[in-house]
Amino acid sequence: MWFLSFSRVVRLSAEKLKIVAPLLNIPPEEMPRLRQEEERRQQTQLGAVAGATLGTLVAVGGLSVLALINQYKAIRANDDSMFAASSMIGEAANLRADDADTLRTRRLIIGRGCDLLDKADQGTASDPPINGIVTCRLERGAHREALHEDKEARKEFGDAIERAALSHRGRARVDSALALLQARQAYAEYLARQKDMDGAGRAFADLLDDSRRLGKEHDGRAQFIRFEAEALGQTGDLHVAANRHQEAADSYDAGADALKRLLDARKSDGRSEDYQIVGWRVRLFRLAGQQCAALDRLDPAAEQFKLAVGAGSSRDGKPADASVAYEVAIAQAYLVLIERKRGNAAAAADAKQAALNTIDAVAGSKAETGIKQRAADLKRWIEQQGS
């Protein structure tokens with residue numbers, strides 16, 4: 001690589017001229033001019049090499065910048081496509097499939113959206129929207145379930161859980177944590193529908209553990225408490241199916257306590273009271289009371305029914321929503337039976353009158369026809385009990 005050293009090239013050229021000049025009969029007085037011409041030639045060659053090198057570097061640099069810009073645009077377009085597909089899937093998943101046309105449209109939108117999301121997810125370094133990914137897997141799992149393809153359905157649910165868990169381990173974001181809990185709940189409910197009670201019990205236990213763990217990691221947000229309450233309530237249902245009444249009562253009671261924390265969290269965030277959650281809490285207390293009654297534990301049963309009534313009452317002692325009032329009326333009806341069994345006729349009469357008053361409030365409200373009809377049926381049943 002000697003030719004890369006300019007000083008060495010100059011020396012070698014000078015020595016070469018000393019040898020070649022006598023051979024060509026060049027007089028000594030011409031040597032300085034010859035050396036000048038040789039230096040100009042070498043400088044021209046060096047400039048040409050340097051210019052070509054610089055031009056090559058500039059061209060390569062420009063092409064690299066252009067390639068990076070195009071790559072950024074491609075990644076941005078791919079991310080926009082994934083976001084749009086995920087949003088479309090989420091909107092379609094929230095559609096209520098009350099009729100065949102809506103159900104068909106829902107399936108078509110979700111199916112095409114999932115295909116777009118799968119294509120956009122291939123060959124990209126960006127993380128796909130985990131909500132869309134999980135929703136697609138859960139929808140496909142439900143479709144496999146409808147076709148009675150248990151193995152394929154389990155695979156889809158398992159893949160949803162795995163993708164959500166991997167996303168949360170990578171970024172520890174709230175959306176990936178909620179997607180993980182959504183996937184776990186859907187899988188547990190699937191196992192319960194398949195009558196795999198042992199598998200469903202383990203799945204709901206995993207949901208409960210993850211909801212509590214992730215709730216701590218993400219500052220106890222209300223969304224995680226909802227999943228905790230869901231796991232406890234459905235675990236109670238599994239205990240009931242297995243005739244484990246005390247375990248069921250404990251699970252329902254713990255679920256009601258979780259819902260109290262959920263209501264408090266919503267209140268601290270300045271949000272209005274969610275009557276669906278209030279009615280849910282009333283129902284869990286009532287279910288706990290029923291399990292205690294099944295064990296002939298009348299005092300704990302009465303306490304649970306009273307908690308149900310109190311959970312559904314507002315400051316003036318009356319339920320503020322018709323659906324909540326109906327749940328309270330059911331608890332009051334059970335309380336009538338429990339007080340009679342305990343031999344407390346006065347308390348039974350008070351509970352009966354309170355139940356009738358609550359039902360009358362439902363009848364006079366703007367509740368939907370279904371709730372009013374069920375309340376009327378409950379009223380007839382209470383009146384038929386006599387004294």
Given side chain to side chain contact (heavy atoms under 4.5 Å, CB included), test Arg193 with Glu145 step by step and report yes or no.
CA-CA 10 Å; Arg193 291 193 298 271; Glu145 179 185 4; 2.9 Å; yes
For residues Arg226 and Ile277, determine if any side-chain heavy atom of one lies less than 4.5 Å from a side-chain heavy atom of the other.
yes
Please round to the nearest 0.5 Å and tell me the distance separating atom CZ of Arg374 and atom CG of Asp377.
9.5 Å
Give the C-alpha distance, both sets of side-chain angles, the deciding distance and a yes or no for side chain to side chain contact (heavy atoms under 4.5 Å, CB included) between Ile359 and Ile382.
CA-CA 10 Å; Ile359 292 173; Ile382 294 173; 3.9 Å; yes
Can you name the nearest heavy-atom pair linking Ala322 to Ile371, along with the distance?
O-CG2, 4.3 Å
Contact summary for Val278 and Ala311, nearest pair of heavy atoms
CG1-O, 3.6 Å
To the nearest 0.5 Å, tell me how far Glu339 CD sits from Asn344 CG.
5.0 Å
Do Asp250 and Gln291 have side chains that approach each other closer than 4.5 Å (heavy atoms only, starting at C-beta)?
no
Side-chain heavy-atom pair Gln276, Asp321 within 4.5 angstrom cut-off
no
May I ask you to check whether over 12 heavy atoms, not counting those of Lys372, lie within 6.0 Å of atom NZ?
yes
Nearest 0.5 Å, please: how far is CG in Asn131 from CG in Leu178?
8.0 Å
Other residues, nucleotides and ligands only: do more than 12 of their heavy atoms fall within 6.0 Å of CZ on Arg221?
no
Check whether any side-chain N or O of Ser167 sits under 3.5 Å from a backbone N or O of Arg163 as a donor-acceptor pair, and report yes or no.
no
If two hydrophobic side chains count as joined below 4.5 Å and joins carry through other members, does Trp381 share a cluster with Tyr334?
yes
Is any NZ, NE, NH1 or NH2 atom of the basic residue among Asp198 and Arg202 found under 4.0 Å from an Asp or Glu carboxylate oxygen of the other?
no
Arg154 with Asp150: basic N within carboxylate O range, under 4.0 Å
yes
What's the verdict on side chain to side chain contact (heavy atoms under 4.5 Å, CB included) for Leu337 and Phe305, showing C-alpha distance, side-chain angles and the deciding distance?
CA-CA 11 Å; Leu337 300 179; Phe305 291 131; over 6 Å; no
Phe227 and Ser211: which non-hydrogen atoms are nearest, and at how many Å?
CB-CB, 4.1 Å
What's the spacing between Phe285 CZ and Asp257 CG if we round to 0.5 Å?
5.5 Å
Nearest 0.5 Å, what's the CZ-CD distance between Arg144 and Glu156?
6.5 Å
If Ile, Leu, Val, Met, Phe, Trp and Tyr residues are connected whenever their side-chain heavy atoms lie under 4.5 Å apart, and connections chain through other members, are Leu287 and Trp280 in the same group?
yes
Are more than 12 heavy atoms, taken from residues, nucleotides or ligands other than Glu162, located less than 6.0 Å from that residue's CD atom?
no
For Gln290 and Arg286, which I'm curious about, is there any donor-acceptor pair between the side chains at under 3.5 Å?
yes
Show every salt bridge (Lys or Arg N to Asp or Glu O under 4.0 Å) that has at least one partner inside residues 210-220, sequence neighbours left out.
Arg184-Asp210, Asp210-Arg213, Arg212-Glu228, Arg213-Glu217
Closest contact, heavy atoms only, Ala142 versus Phe157:
N-CZ, 4.1 Å
Give me the atom names and distance for the closest heavy-atom approach of Ala258 to Leu232.
CB-CD1, 4.4 Å
Hey, mind stepping through Thr235 and Glu247 against side chain to side chain contact (heavy atoms under 4.5 Å, CB included) and telling me if it holds?
CA-CA 9 Å; Thr235 299; Glu247 290 86 345; over 6 Å; no
Asn357 side chain vs Gln353 backbone, donor-acceptor pair below 3.5 Å
yes
Considering non-hydrogen atoms only, spot the tightest contact between Asp274 and Leu263 and give its length.
O-CD2, 4.2 Å
Could you check Arg261, Lys260, Lys267 and say which one makes a salt bridge (Lys or Arg N to Asp or Glu O under 4.0 Å) with Asp264?
Lys260
Output yes when a side-chain donor or acceptor of Arg266 lies under 3.5 Å from a complementary backbone atom of Ser272, and no otherwise.
yes
Partners meeting ring pair (Phe, Tyr, Trp, His ring centres under 6.0 Å) with His143 (sequence neighbours left out)
none
Hey, can you tell me if His218 and His168 have their rings parallel, tilted or perpendicular (30° and 60° cut-offs)?
perpendicular
Does Thr358 reach the side chain of Val309, with side-chain heavy atoms less than 4.5 Å apart?
no
Leu180 versus Ile161: any side-chain heavy-atom pair under 4.5 Å?
yes
Does Lys155 come within less than 4.0 Å of Glu152, counting only side-chain N to carboxylate O?
no
Verify, without hydrogens or angle tests, whether Ser251 (side chain) and Ala248 (backbone) share a donor-acceptor contact under 3.5 angstrom.
no
Out of curiosity, Leu378 CG to Leu356 CG, how far, rounded to the nearest 0.5 Å?
8.5 Å
Identify whether Leu295 and Val240 are in the same connected component of the hydrophobic contact network (ILVMFWY, side-chain heavy atoms under 4.5 Å).
no
Any side-chain heavy-atom pair from Glu303 and Leu307 closer than 4.5 angstrom?
yes
Under a 4.5 Å cut-off applied to non-hydrogen side-chain atoms, are Glu230 and Phe204 in contact?
no
